[in-house]
Amino acid sequence: MDDTSVTTGLPQRAVPVVFYRHDRAHSEVVASLKQLVRQNAFKAMVLCAAAEGIVGIDANGLIGYANPAAARLWGGSKRELRGLPLALVVGEDGGDERVFRRRDGTNLVVEYHHTPITRHGKPVGAVVSFTDITRRKELEAEMRQSQRLLAEAEALARLGSWEWTLHTNRLTWSDQFYRVLGLVPRAVEPSFEGLIERSHPEDRARVREAIALASRGRPFDFEHRVVTPDGDLRMLHCRGEAVLDAQGQPVKLVGTAQDVTEMARAREALRQSEEREHQIEIMRRSDALKDQLMNTLSHELRTPISVISGFTNIIQEELAGPLTAEQRDYLGQIQGEADHLLKLINDLLELGQIQAGKLMLDPHPVHLAEIVKDVFAQMAPMAEEKQQHLVDEVPLELPLVQADDARIAQVLTHLLLNAIKFGPEGSTTYVRACVDGGALYCEVEDGGVGIPDEQVPKLFQRFTQLDMTTTRRYGGVGIGLFISKALIEAHHGAIGLTRVPGRGNTFWFSLPLRAA
């Protein structure tokens with residue numbers, strides 16, 4: 001009787017089995033054993049081909065078996081892995097994801113699975129598998145970073161997105177889409193009806209039409225208004241299009257909604273600004289035509305006024321014959337009105353020069369006290385006629401100032417004329433001057449009732465008088481203070497008003513002191 005030995009070749013245990021082939025029962029045993037060998041060989045092949053690292057450990061946690069994938073991950077051979085504690089290779093904490101310590105000291109992130117082995121109800125070991133998920137974790141981190149950047153970009157651009165899967169009728173809104181509608185993310189169930197209800201009543205038809213077009217595969221791009229829960233009105237720029245299947249049928253709609261409220265307001269502000277600029281340009285042209293007309297009329301009127309004044313003087317001097325007292329009085333009134341009209345014409349001509357930038361000055365060393373004295377002499381008759389008093393308190397020892405004396409006299413004349421015209425009978429007007437720092441200050445304090453607060457902004461504007469009743473009563477076209485301001489500023493000085501309750505109005509101007 002010969003004998004034949006058969007070895008199973010199992011990776012767990014290699015046990016030689018000897019049997020004797022002498023009858024039918026013996027043949028059946030051999031066949032069963034061969035099948036077992038084939039099955040275990042297949043299992044061993046599977047373990048060797050597996051991409052996951054697989055190790056078997058005993059009850060003490062020592063590695064007794066390692067497949068090729070485990071050895072590759074570790075960076076050594078299966079023989080070197082055997083006998084090592086599993087805790088030296090795989091971190092004990094971390095749940096399903098753990099740190100895998102390689103032979104060279106580097107670490108990997110692995111997905112960890114542990115299956116215990118028991119015998120007679122007692123643990124005798126375990127099978128442990130692990131898969132390298134380092135790249136997956138990197139991709140997940142990159143995706144999270146991309147999602148974070150996308151969320152930040154959406155928030156920065158105030159841009160929300162939505163997606164509508166047609167066959168399931170499922171609509172989703174991004175968190176930013178909720179926010180552009182003024183809603184807390186996921187506070188309500190997304191629906192197009194909800195979007196339409198939040199749209200401005202005048203824009204709802206357009207929203208419905210856009211959604212209907214999109215469902216038929218037509219893209220849309222339009223703006224519409226929505227009303228937030230707190231009543232705020234926002235403008236949204238919406239875009240959308242269909243995703244088509246291989247047959248060209250829409251299967252999904254995707255779109256965005258961007259909050260362009262600030263942009264819309266900026267466009268409206270720009271439109272209004274352009275409209276205002278257009279109106280200003282029309283007014284500027286109108287002013288230019290008006291100024292041209294005023295200059296033309298002023299030049300044309302000066303000649304006849306000069307002729308009237310000339311012949312009036314001839315008659316007053318009785319070169320054309322003797323006059324009665326009544327005639328002389330009439331001629332005086334004619335001459336006074338002609339002089340007044342000539343002053344108005346001169347003011348208008350000077351206004352034209354100021355606006356054209358042709359104002360001319362002849363600066364030279366002058367003494368303010370002398371200018372005030374001359375102006376008082378001219379204004380005294382008008383003050384006496386209203387029983388008013390002019391008081392000169394300008395010190396004689398003031399330093400010389402570099403200025404055009406005729407222009408400064410013109411400014412003082414305008415200020416005194418206003419004080420006399422608008423002051424009550426018996427009032428007193430004071431003219432004072434002093435040196436303060438590097439400037440010479442002069443002020444004219446009248447005895448009027450004062451200018452109301454609401455009228456102050458109108459001062460120093462052309463063709464403006466504070467009370468039209470006084471315009472009709474005293475005459476004038478309201479350019480005296482405007483011309484005075486232009487003349488003082490041409491001297492690099494300043495002019496203004498100081499009001500003291502109970503003391504009327506105090507107009508002042510300053511001139512810089514320079515070497516005279």
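Any value given below was found using the heavy atoms of this structure, including those in side chains, with hydrogens, waters and symmetry copies removed.
A salt bridge between Glu268 and Arg265 is absent, with no side-chain N of the basic residue lying under 4.0 Å from a carboxylate O of the acidic one. Glu138 has a carboxylate O that lies under 4.0 Å from a charged side-chain N of Arg135, or vice versa, which qualifies the two as a salt bridge.
Of all heavy-atom pairs spanning Ala51 and Ala69, the tightest one is O-CB, 3.5 Å. In this structure, Leu181 and Pro229 approach most closely via the heavy-atom pair O-CD, 3.7 Å. Of all heavy-atom pairs between Val109 and Asp132, the closest is O-OD1, 3.4 Å. Shortest non-hydrogen contact noted between Gly76 and Arg103 is CA-NH1, 3.8 Å. When every heavy atom of Lys78 is checked against every heavy atom of Ala66, the shortest pair comes out as CD-O, 2.9 Å. The heavy-atom pair separating Leu73 from Leu108 by the smallest distance is CD2-CD1, 4.1 Å.
Counting non-hydrogen atoms of other residues, nucleotides and ligands closer than 6.0 Å to CD of Glu209 gives a total of 12 or fewer. At most 12 non-hydrogen atoms from other residues, nucleotides or ligands lie less than 6.0 angstrom from CZ of Arg170. Counting non-hydrogen atoms of neighbouring residues, nucleotides and ligands closer than 6.0 angstrom, the CZ atom of Arg218 reaches no more than 12 such neighbours.
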- Message: Show, in sequence, the C-alpha distance, side-chain angles and deciding distance for Phe507 and Asn418, and conclude whether the side chain to side chain contact (heavy atoms under 4.5 Å, CB included) test is met.
- Response: CA-CA 10 Å; Phe507 285 90; Asn418 284 340; 5.8 Å; no

- Item | Test log, rule side chain to side chain contact (heavy atoms under 4.5 Å, CB included), inputs Arg239 and His237 | CA-CA 7 Å; Arg239 294 185 178 94; His237 185 186; 3.0 Å; yes

- Task: Show the numbers, then the answer: is there a salt bridge (Lys or Arg N to Asp or Glu O under 4.0 Å) between Lys137 and Glu140?
- Result: CA-CA 5 Å; Lys137 299 298 291 185; Glu140 289 176 354; 3.6 Å; yes

- Using the side chain to side chain contact (heavy atoms under 4.5 Å, CB included) rule, take Leu511 and Ile408 through it: C-alpha gap first, then chi angles, then the decisive distance, then the call. CA-CA 10 Å; Leu511 298 171; Ile408 301 304; 3.8 Å; yes

- side chain to side chain contact (heavy atoms under 4.5 Å, CB included) between Arg186 and Asp175: does it pass, once the steps are laid out? CA-CA 7 Å; Arg186 293 176 292 280; Asp175 288 353; 2.4 Å; yes

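Close placement of the Phe192 and Trp162 rings is indicated, their centers lying within 6.0 Å of each other.
In terms of modelled atom types and a separation under 3.5 Å, the side chain of Asn67 and the main chain of Glu52 share a donor-acceptor contact. Ser484 places a side-chain N or O within 3.5 Å of a backbone atom of Gly480 that can act as its donor or acceptor partner. Not one N or O on the side chain of His414 forms a donor-acceptor pair closer than 3.5 Å with the backbone of Phe482. Between the side chain of Asn107 and the main chain of Val99, no donor-acceptor pair closer than 3.5 Å is present. Between the side chain of Arg234 and the main chain of Val180, a donor-acceptor pair closer than 3.5 Å is present. At distances below 3.5 Å, not a single donor-acceptor pair connects side-chain atoms of Arg271 with backbone N or O atoms of Arg267. The closest donor-acceptor contact from the side chain of Arg204 to the backbone of Ile196 lies under 3.5 Å. Between the side chain of Ser174 and the backbone N or O of Ser161, at least one donor-acceptor pair lies under 3.5 Å. For the pair Thr228 (side chain) and Asp232 (backbone), a donor-acceptor distance under 3.5 Å is present. With hydrogens and angles disregarded, a donor-acceptor distance shorter than 3.5 Å links the side chain of Arg98 to the backbone of Gly91.
Using a 30° and 60° split on the angle between ring planes, His114 and Tyr112 fall in the parallel class, below 30°.
Put simply, the side chain of His278 does not reach to within 4.5 Å of the side chain of Glu275, judged on heavy atoms. Under the 4.5 Å side-chain criterion, counting only non-hydrogen atoms from C-beta, Gln258 is not in contact with Met263. Side chains of Glu443 and Thr498 form no contact here, defined as non-hydrogen atoms less than 4.5 Å apart. Two residues are said to be in side-chain contact when any heavy atoms from C-beta on lie closer than 4.5 Å; Leu440 and Val435 meet this criterion. With a 4.5 Å cut-off on side-chain heavy atoms, Leu183 and Arg198 count as touching. In this structure, the side chains of Cys238 and His224 come closer than 4.5 Å at one or more pairs of heavy atoms.
Applying the side chain to side chain donor-acceptor pair (under 3.5 Å) test to Glu193 and every residue at least two apart in sequence or in another chain returns Arg208. In this view, Arg102 satisfies the side chain to side chain donor-acceptor pair (under 3.5 Å) rule with no residue, not counting sequence neighbours. For Glu163, the side-chain contact (heavy atoms from CB on, under 4.5 Å) partners are Thr165, Thr172, Lys252, Val254, not counting sequence neighbours.
The CZ atom of Arg101 lies 13.5 Å from the CH2 atom of Trp74; values are rounded to the nearest 0.5 Å. Remark: Trp173 CH2 to Glu189 CD distance equals 9.0 Å, nearest 0.5 Å. Rounded to the nearest 0.5 angstrom, His200 NE2 and Arg206 CZ are separated by 12.0 Å. Note that OG1 of Thr134 and CG of Leu139 are 11.0 Å apart. Values are rounded to the nearest 0.5 Å. One distance of note links CG of Leu236 with CZ of Phe222; it measures 9.0 Å at 0.5 Å rounding. Rounded to the nearest 0.5 Å, atoms OH (Tyr65) and CG (Asp58) are 16.0 Å apart.
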